[in-house]
Protein chains: 2
Amino acid sequence: MSEPAYTRLGVDERRRQLLELGTELFTGHSYGELSMAQIAREAGISKALLYHYFPSKRDFFVATLARAAEELRARTEPDPSKPPLEQLTGSLDGYLELIEENSASYEKLIESATTVAEVRELIDNVRELTAQRILAGITPEGTVATPPVRAAVRAWLWFMDGACLDWVRNGDFERTELRDMLLGTLFGSLAAAGGQSMLSALAEQASS
Amino acid sequence: MSEPAYTRLGVDERRRQLLELGTELFTGHSYGELSMAQIAREAGISKALLYHYFPSKRDFFVATLARAAEELRARTEPDPSKPPLEQLTGSLDGYLELIEENSASYEKLIESATTVAEVRELIDNVRELTAQRILAGITPEGTVATPPVRAAVRAWLWFMDGACLDWVRNGDFERTELRDMLLGTLFGSLAAAGGQSMLSALAEQASS
DNA sequence: CCGCTTGTTGACCGATGGTCGATAGCGTGT
DNA sequence: ACACGCTATCGACCATCGGTCAACAAGCGG
C-alpha cells in the first residue's frame, strides 16, 4: 500500500516530457509506424492521458514538430540588410545546414509529411512563404510575376526537396555543390519561364 | 421467396464492374478517404466478396491504376528513331497531354501517391525509369553521370510534378509554355550541376 | 427435380484512433 | 494528524479499419 499506483505530475512538466519523447520517437519512426498506444506505453502512462494532453494523434505530431518548424523559420530568415541575392544564398545555406545536421530525421519528415495532411499543409506553407520571399526579392516593384514564373518558383521548391532527399540518401557530394546547383537551377528555371527582367537584376548583383 | 437474395455474376464480369467502379471512386476521393466497406456498399456487394476478387486494398487500388499506368508508359515511350533531344520533348509532350486530359484525377493521384507505399514506389519507378532514359540520352557512352548530375535529374522530376500541380490547379498558361519551361529548367539544372559535356551534345542538336 | 460447382455472404478477428465516468495522488485548511 | 477537494490519471469502452473464414445458395448440367 505504500507504493503509489502512479506518479502525479504537473501539467507543464508532463507536456514537456511527452513532447520530448515524441520528437525522439518520431525521428526514428514515421508517423504511420507509431500508434498512440505504443507512445503511451513508452511514456509509461495510459493512452487516455496522452489524449488528455493532445486532442488527436495529428495534433500531437504537429506539436512535436513545432520546435523544428520554429528553428527552420529562424534559420531561413533572410537578412534584410543584404541585397536579395545574398539573402537567398544565406537562407539556402541555413536550410541546407539544418538538413545536414538532422539528416536522420529529414527523410522521416518527408515521408510523414505526405501521409499527414497537416504536415503537408505545413510544408506547403513553408514553400509558399519561401516562394513569396523569393518572388518579392526578384520581382521589380509594382509588378506581379507572370504565371509561368510563379509556377517555376513553386516547382523549384519541389526540386529542392527532391535534391535534398537524394543528397541525404547518398551523401556523395558537398553541401556547397548542392547549394550552387540549386541556385543555378533556379536561375535557369526563371530564364526558361521568361522572367528575363528578374534575372538581369540578380545577374548585376552577382557580377558586382 | 421468389426474389433471389443476390444476383450471381461471372468472374470476369464482376471484376470488370469492380475495377470500373474503383477508377470512378478513386478519381473523386483519395486512397485514405475510401474504406473497403464503403466501396463494397457502393458496389452493392459484401466486403468479403471484394476481398475475394482483390487480396488487399492496395492490390485493388493498383489494379485500378493499371490502365492509367499502361497508358502513361505508352505515351512517354520515346521514339528511338529520333535524336535524344526530340525523344525527350516527345515524351514530355505525351506526359503533359495525359495530365491535361485527366487533370481532375491528377491531383488525387499525387495525393494518394504519397500515402500509399505501392503507388509511391510506382511513381518512383516511373521517375527512375525516366531519369535513366534522360541520363542515357545525355551521358556520353561508357561514362556514368556524376553524383550532382544524378541528383539534378532526379530532382528535376520533382520539379516536374510541382510545376504540373501548379499548372493543373491554376491553368493560366499553355502546355507548350510549361513544356519549354521544363526543358529549360532541365538544361539549366544540368549546367549548374557541372554536366557541361552532356549539355553541349544536346545544344548541338538543338541548333541544327 | 436433383445435385454440384462456385459466387457470395454474415459473423468474426486484432488493432487502431478516440471517448468517458470513475479513481486516486497530493497540496491545502484546520 | 486528518480530512477535504482539485484534477491528473486510469481502465473500460466504442466505432471503424483492413482482413479472414466457414457456411449458404444461385443457377447450370443431368
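Just so it is clear: chains get the letters A, B, ... in the order the sequence lines come, proteins before strands, and each one is counted from 1.
- Within a 6.0 Å radius of CD in A/E174, no more than 12 heavy atoms belonging to other residues, nucleotides or ligands are found.
- Computed from coordinates, the B/R58 CZ to D/dC17 P distance equals 17 Å when rounded to whole Å.
- Shortest non-hydrogen contact noted between B/T76 and B/S91 is O-OG, 2.8 Å.
- Rounding to whole angstrom units, CZ of residue B/F60 and C1' of D/dC17 are separated by 17 Å.
- Atom CE of A/M160 sits about 11.0 Å away from atom CE of A/M181, to the nearest 0.5 Å.
- Rounded to whole angstrom, the span from the CG atom of B/L9 across to the C1' atom of D/dG27 amounts to 12 Å.
- Going from atom CZ of B/R15 over to atom C1' of C/dT6 covers 17 Å, rounded to whole Å.
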Each nucleotide N or O in nucleotides 22-26 of chain C that has a protein N or O under 3.5 Å away: list the pair and distance.
residue: C/dG25; atom: OP1; partner: A/A5; partner atom: N; Å: 3.3
residue: C/dG25; atom: N2; partner: A/R8; partner atom: NH1; Å: 3.1
residue: C/dG25; atom: N2; partner: A/R8; partner atom: NH2; Å: 2.8
residue: C/dG25; atom: N3; partner: A/R8; partner atom: NH1; Å: 2.8

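- Near-neighbour residues of DNA chain C inside residues 46-57 of chain B, defined by a heavy atom below 4.0 Å, number-ordered: B/S46, B/A48, B/L49, B/H52, B/Y53.
- The local environment of CD in A/E20 is sparse, with at most 12 non-hydrogen atoms from other residues, nucleotides or ligands closer than 6.0 Å.
- Remark: A/R133 engages A/E77 in a salt bridge, criterion side-chain N to carboxylate O under 4.0 Å.
- Per the geometry, CG belonging to B/D59 stands 14 Å off P belonging to D/dG18, to the nearest Å.
- By the 4.0 Å N-to-carboxylate-O rule, B/R67 lies too far from B/E70 to be salt-bridged with it.
- Between B/E13 atom CD and D/dA26 atom C1' there is a gap of 14 Å when expressed in whole angstrom units.
- B/Q17 places its CD atom 14 Å from the P atom of C/dG7, with the value rounded to the nearest Å.
- For the OP1/OP2 pair of C/dT8 and a distance below 4.0 Å, the side-chain nitrogens and oxygens of B/R14 include at least one atom meeting the criterion.
- In summary, the side chains of B/T27 and B/S105 do not present any donor paired with an acceptor at a separation below 3.5 Å, with no hydrogens or angles considered.
- In this structure, B/R73 places its CZ atom where only 12 or fewer heavy-atom neighbours from other residues, nucleotides or ligands lie under 6.0 Å away.
- Side-chain N/O atoms of A/Q132 and A/E128 include a donor and acceptor closer than 3.5 Å.
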